Amino acid sequence: MVSDSELKVVVVGLGYIGLPTAAVIARTGAKVLGLDVSAHVVETVNSGKVHIEEVDLDGLVSGVVARGYLRASTEIEPADVFVIAVPTPFADDHAPNIGYVLRAATTIATVLKAGDVVILESTSPVGTTEKVRDLLAQLRPDLKVPGRTGESADVAIAYCPERVLPGRILVELIDNDRVIGGITPRCARKALQFYRRFVRGACVTTTSRAAEMTKLTENAFRDVNIAFANELSRVADTMDVDVWEVIRLANRHPRVNILSPGPGVGGHCIAVDPWFLVHADPANTPLIRTAREVNDAKIDYVVDRAEAMVAANPGLRVACLGLAFKANIDDFRESPALKVATALAQRFGDRLCVVEPYTNALPAAFDGTGARLADIDTAIETCGIMIVLVDHDVFKSVPVDERGDKIVYDTRGIWPDQPRSIPREPMRLAG
Ligand code: SAJ
């Protein structure tokens, strides 16, 4: 492969994964073009700014743009390596939609040449990388694609899932191990050479199908384990036991490691990816499907209990703490906290304060409800009921003497010292 300073890379999709990936590759001295369908995103990046919030991303992007290593465009250009990082949403019946991936491949086909490497990073159903290969073969019959015949191919095609945690993306892009699945072993080796430029973690090669399933497996594993914690929290409510204490105690066993219950599972990965496995093999995935259902049902359960608590205390104002899908980020995608807070706003809007340090304005879903955005200090001063929906650090730091007299529903277990005289959980609901 060409040297760092001559390497040209196109990253298709400048979202939560594509932009940090493009910036990290640009930092190695490669010339990176970020491709996006949004003119706004392209303008923002070309002016050295970012359209998403991620720790340290703004400084990195402004630096690599200023030094000419990263540019953005709506038009593709020839390159040595193409990285596809576009969304793979699903439809109402949970059928995965790989339309954006195929559209990216169609665009790449217009400039593809012998020697190039095409890598898919988007979370995808098993077999998607082969579909990309088939599409490229159809669009570019002049190029020999891998895995179709015994002869060596002109281009390499591989699947390498991203595994980074929002809030730690720039660290994990470098430090996490990578699974690199080639259509052929040769494809995997070509992709491996590319990742070694910027990944410090181990890079392990396999087939594209195994790599695709590995990614889905990781997120399904986490979903199933969170579902266990969420189910436990409901049982503990029924038994009138503190679930956080039970989990702390159970986790002292050397082979038990229970995750944390919460108001449900959000984000664009764990709440979505397990469905790709269920959809592909419904007969053999009762556990994965049930975990999804348990985690989704937790949102309604929290809404019911919070509504009962608010209805039982008509004189008190209510603070909903947090809207993001998890702690210390500004991402509201598939957020259970957002769903709970908007459900409460529909019913009790004029009594509701929403505290979310990661936004300047309430999302449109709150329009006309009467709910207001407030800071944590105002919420403590004015609200008698506090519903903790996100474990942002700023909420964790509120000491007990500022909240000891409040009625609290702590869905994240951030205030273990909340006095039991005022129930940490609302009273058990009838029925
Ligand atoms: N959650 C709980 N209890 C827990 C842990 C998480 O309720 O004990 C909730 C969170 O509050 C959040 C949701 O689950 O609503 C997901 O959060 P997360 O931190 O577990 O994961 P994500 O969605 O931010 O990122 C995941 C990661 N996957 C795994 O940990 C297996 C990340 O490494 C992946 O790169 C990412 O999905 C992705 O893009 O697929």
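Counting from 1, the numbers follow the sequence of the chain as shown. Order of appearance sets the numbers: ligands from 1, and atoms from 1 within every ligand. This is a predicted model, so every value here is computed, not measured.
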K.L.:
Is it the case that the side chain of Asn328 and the backbone of Asp393 share a donor-acceptor pair, with hydrogens and angles ignored and the cut-off at 3.5 Å?
P.N.:
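Present.
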
K.L.:
Can you sort out which atoms of ligand 1 are near Glu218, meaning under 4.0 Å from one of its heavy atoms?
P.N.:
31 (C)

K.L.:
Considering residues, nucleotides and ligands other than Arg186, do more than 12 of their heavy atoms fall under 6.0 Å from its CZ?
P.N.:
no

K.L.:
Any heavy atom of His268 sitting closer than 4.0 Å to ligand 1?
P.N.:
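So His268 does not count as touching ligand 1.
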
K.L.:
Tell me the protein heavy atom at minimum distance from atom 28 (N) of ligand 1, and give that distance in Å.
P.N.:
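Result for atom 28 (N) of ligand 1: Asn219 OD1, 2.9 Å.
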
K.L.:
Would you mind running through ligand 1 and noting each atom that sits below 4.0 Å from a heavy atom of Cys269?
P.N.:
36 (C), 37 (O), 38 (C), 39 (O), 40 (O)

K.L.:
Taking the non-hydrogen atoms of Arg412, is any one of them nearer than 4.0 angstrom to ligand 1?
P.N.:
yes

K.L.:
Considering only heavy atoms from C-beta outward, does the side chain of Val398 approach that of Ile380 to under 4.5 Å?
P.N.:
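They are in contact (side-chain heavy atoms under 4.5 Å apart), so the answer is yes.
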
K.L.:
Heavy-atom contacts with Pro166 under 4.0 Å: which atoms of ligand 1 show up? List them by number with element.
P.N.:
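In order of numbering, the contacting atoms are 24 (O), 25 (O).
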
K.L.:
Heavy-atom distance under 4.5 Å between the side chains of Phe90 and Asn97, does that happen here?
P.N.:
no

K.L.:
For ligand 1, which atoms sit closer than 4.0 Å to a heavy atom of Lys215?
P.N.:
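This gives 34 (C), 35 (O), 38 (C), 39 (O), 40 (O) as the contact atoms.
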
K.L.:
Tell me: protein heavy atom nearest atom 20 (O) of ligand 1, and distance?
P.N.:
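Of every protein heavy atom, Arg222 NE, 2.6 Å lies nearest to atom 20 (O) of ligand 1.
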
K.L.:
Between Trp415 and Gly404, is there a donor-acceptor pair closer than 3.5 Å when you use the side chain of the first and the backbone of the second?
P.N.:
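Here the side-chain-to-backbone pair does not exist.
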
K.L.:
Below 4.0 angstrom from a heavy atom of Phe325, which ligand 1 atoms are there? Numbered from 1 as shown, please.
P.N.:
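Near Phe325, meaning under 4.0 Å from one of its heavy atoms, ligand 1 has 10 (C), 11 (O), 12 (C), 15 (O), 16 (C), 17 (O), 23 (O), 24 (O).
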
K.L.:
Could you tell me the residue and atom name of the protein heavy atom closest to atom 21 (O) of ligand 1, and the distance to it rounded to 0.1 Å?
P.N.:
Ile270 CD1, 3.5 Å

K.L.:
Measure from atom 39 (O) of ligand 1 to every heavy atom in Arg168, Glu334, Glu162 and give the option owning the shortest one.
P.N.:
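Answer by nearest heavy atom: Glu162.
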
K.L.:
When you measure from the heavy atoms of Gly267 to every atom of ligand 1, does any distance fall below 4.0 Å?
P.N.:
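Not so, Gly267 does not reach ligand 1.
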
K.L.:
Say whether Asp237 and Tyr301, considering side chains only, have a donor N or O and an acceptor N or O under 3.5 Å apart.
P.N.:
yes

K.L.:
Minimum distance, heavy atoms only, to atom 34 (C) of ligand 1: which one of Leu165, Val164, Asp273 is it?
P.N.:
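Going through Leu165, Val164, Asp273 one by one, Val164 has the nearest heavy atom to atom 34 (C) of ligand 1.
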
K.L.:
Would you call Lys215 and Glu162 a salt bridge, using N to O less than 4.0 angstrom?
P.N.:
yes

K.L.:
Under the 3.5 angstrom rule, does the side chain of Thr184 hit a backbone N or O of Cys187 as a donor-acceptor pair?
P.N.:
yes

K.L.:
What atoms of ligand 1 come within less than 4.0 Å of a heavy atom belonging to Arg163?
P.N.:
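In order of numbering, the contacting atoms are 32 (C), 33 (O), 34 (C), 35 (O).
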
K.L.:
Testing the 3.5 Å rule here: is there a donor-acceptor pair between the side chains of Lys298 and Ser233?
P.N.:
yes

K.L.:
Between Ile226 and ligand 1, find which residue part has any heavy-atom pair under 4.0 Å and reply side chain, backbone, both or neither.
P.N.:
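It is the side chain that touches ligand 1; the backbone stays farther off.
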
